[in-house]
Amino acid sequence: MTPEEVGRRVVELLAPVEATASVSGGQGYARATVDVAPASWADAVRAARDDAELGCDFLDWLSAVDELADGFDVVAHLWSVRRRHGLLLRTRVPRDAPVVASVVDVFPGAAWHERETHEMFGIDFTGHGELRPLLLPPEFEGHPLRKEFVLASRVAKPWPGAKEPGESEAGGGRRPIRPPGVPAPGEWGTTPTPAGAAGVGEGPRGGTPARPARERPARPAPGERPARPASAGRPARVEPEPEAGEG
């Protein structure tokens with residue numbers, strides 16, 4: 001089935017419940033994408049699995065996307081092992097109450113994915129029964145994949161991304177732009193703002209001092225040989241001066 005046919009079939013199975021079908025990007029890797037209401041989420045997953053024409057019997061992955069004020073998109077990618085076509089099911093939950101039904105009873109393998117999504121985005125999956133921490137320590141506070149979450153690693157060291165367009169390799173004349181997730185200088189943490197995170201010395205807390213330059217011994221003049229260092233019990237060896245007329 002083509003992505004268009006897969007999308008139409010899902011809409012037919014869910015009728016009269018409203019569902020919207022489209023096709024993702026990716027050219028030859030495009031997938032049918034069907035948006036459903038949160039109340040129809042579990043029914044849509046079950047219908048895609050049980051329908052003889054679709055036969056989406058494999059849950060590839062399940063995760064979410066932070067759409068800021070619009071809420072969170074919960075997305076699942078299903079695959080038909082026999083028919084070799086895929087389906088992206090998507091539903092949007094509000095930001096102030098991100099709750100959707102669990103699909104563990106349809107695909108037991110969704111348990112791991114829902115635990116991770118709950119941990120990283122703060123979305124609750126009713127009926128899961130075991131939304132305990134999966135990747136983070138129990139005492140961790142917050143949800144790291146929410147866009148408002150401050151990423152400490154981006155404050156602790158310079159942003160590793162590419163330079164802005166127009167900047168040369170030696171450094172451009174434009175003011176550095178803070179990457180997403182980095183607060184203004186001096187507004188985060190209990191340690192001084194590191195050099196390079198938002199400019200050396202910027203912010204009320206100052207910057208990390210630069211490492212002092214090491215002094216190197218002067219090089220000998222051409223033709224001179226430095227004296228060898230003395231070892232225990234032996235004086236330093238001094239090279240004799242050349243006599244006049246030699247050379």
Side-chain angles (χ1 to χ4, degrees), residues 1-135 143-147:
M1 301 175 69
T2 66
E4 292 80 5
E5 294 171 341
V6 171
R8 286 196 298 268
R9 181 58 181 169
V10 175
V11 173
E12 294 173 0
L13 293 173
L14 296 177
V17 176
E18 183 178 358
T20 304
S22 60
V23 177
S24 71
Q27 299 178 356
Y29 299 96
R31 294 284 182 267
T33 304
V34 179
D35 291 277
V36 299
S40 305
W41 174 247
D43 292 337
V45 174
R46 183 176 289 103
R49 183 198 66 178
D50 295 342
D51 181 66
E53 293 186 28
L54 293 176
C56 294
D57 51 356
F58 176 71
L59 173 70
D60 188 9
W61 52 263
L62 183 150
S63 188
V65 179
D66 187 348
E67 298 292 351
L68 296 175
D70 293 332
F72 299 95
D73 281 343
V74 179
V75 188
H77 180 240
L78 308 180
W79 179 257
S80 174
V81 176
R82 182 167 59 90
R83 296 184 178 274
R84 312 299 294 174
H85 58 234
L87 167 65
L88 286 169
L89 283 176
R90 184 169 59 188
T91 189
R92 179 164 294 182
V93 295
R95 195 172 197 85
D96 56 348
V99 181
V100 71
S102 172
V103 294
V104 171
D105 60 334
V106 184
F107 288 106
W112 187 95
H113 299 265
E114 290 181 352
R115 284 176 59 191
E116 181 191 40
T117 305
H118 169 75
E119 189 173 36
M120 295 296 170
F121 292 93
I123 299 173
D124 289 329
F125 293 88
T126 56
H128 186 286
E130 198 178 7
L131 292 175
R132 53 189 174 85
L134 177 69
L135 303 175
H143 306 288
L145 291 188
R146 288 194 174 196
K147 290 182 178 178

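Everything quoted here is computed from the prediction, not taken from an experiment.
Of the inter-residue distances, the one linking L87 atom CG with R9 atom CZ reads 12.5 Å to the nearest 0.5 angstrom. The distance from atom NZ of K147 to atom CD of E67, rounded to the nearest 0.5 Å, is 6.0 Å. One finds the OG atom of S22 at 10.0 Å from the CD atom of E4 (value rounded to the nearest 0.5 Å).
Taking each heavy atom of F58 and F107 in turn, the nearest pair found is N-CE2, 4.0 Å. Nearest heavy atoms, L14 versus A19: CD1-CB, 4.0 Å. Summarising the geometry of R31 relative to P3, their closest heavy-atom pair is C-CB, 4.1 Å, with the distance given to 0.1 Å. For the residue pair S102 and G127, the shortest heavy atom distance occurs at CB-C, 4.0 Å. The nearest pair of heavy atoms linking R92 to D70 is CD-O, 3.2 Å. When every heavy atom of A101 is checked against every heavy atom of W41, the shortest pair comes out as O-CD1, 3.3 Å.
Counting heavy atoms from C-beta on, the side chains of P144 and M120 come closer than 4.5 Å. Looking at heavy atoms from C-beta onward, M1 lies in side-chain contact with L54 at the 4.5 angstrom threshold. Counting heavy atoms from C-beta outward, L59 and L78 have side chains that approach closer than 4.5 Å. Between T117 and F125 there is a side-chain heavy-atom pair separated by less than 4.5 Å. Between Y29 and S24, the closest side-chain pair of non-hydrogen atoms is not below 4.5 Å. Within the 4.5 Å cutoff, the side chain of R90 has heavy atoms near those of the T33 side chain. The closest side-chain heavy-atom distance from L89 to V45 is below 4.5 Å. Annotation: side chain of D66 is in contact with side chain of L68 (closest heavy-atom distance under 4.5 Å).
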Report the C-alpha separation of W79 and R84 in whole Å, then their side-chain angles, then the decisive distance to 0.1 Å, and conclude whether the side chain to side chain contact (heavy atoms under 4.5 Å, CB included) test is met. CA-CA 7 Å; W79 179 257; R84 312 299 294 174; 3.7 Å; yes
Is there a side chain to side chain contact (heavy atoms under 4.5 Å, CB included) between C56 and H85 once you walk through the steps? CA-CA 8 Å; C56 294; H85 58 234; 4.3 Å; yes
Should T126 and V99 be marked as a side chain to side chain contact (heavy atoms under 4.5 Å, CB included) after you check the CA-CA gap, both sets of side-chain angles, and the distance that decides it? CA-CA 7 Å; T126 56; V99 181; 3.4 Å; yes
Set out, in order, the CA-CA distance, both residues' side-chain angles and the distance that settles side chain to side chain contact (heavy atoms under 4.5 Å, CB included) for L62 and V74, then state yes or no. CA-CA 7 Å; L62 183 150; V74 179; 4.3 Å; yes
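Side chain of S40 to backbone of D43: no donor-acceptor contact under 3.5 angstrom is found. The main-chain N or O of L145 is never found under 3.5 Å from a side-chain atom of H143 such that the two would form a donor-acceptor pair. Using a distance-only test at 3.5 Å, with no hydrogens or angles considered, no donor-acceptor pair links the side chain of R46 to the main chain of V103. Side-chain N or O atoms of E114 include none that pairs as donor or acceptor with a backbone N or O of H128 at under 3.5 Å. A donor-acceptor contact shorter than 3.5 Å links the side chain of H118 to the backbone of I123.
Ion pairing between R82 and D57 fails under the 4.0 Å rule for side-chain N and carboxylate O.
Within a 6.0 Å radius of CD in E18, no more than 12 heavy atoms belonging to other residues, nucleotides or ligands are found.
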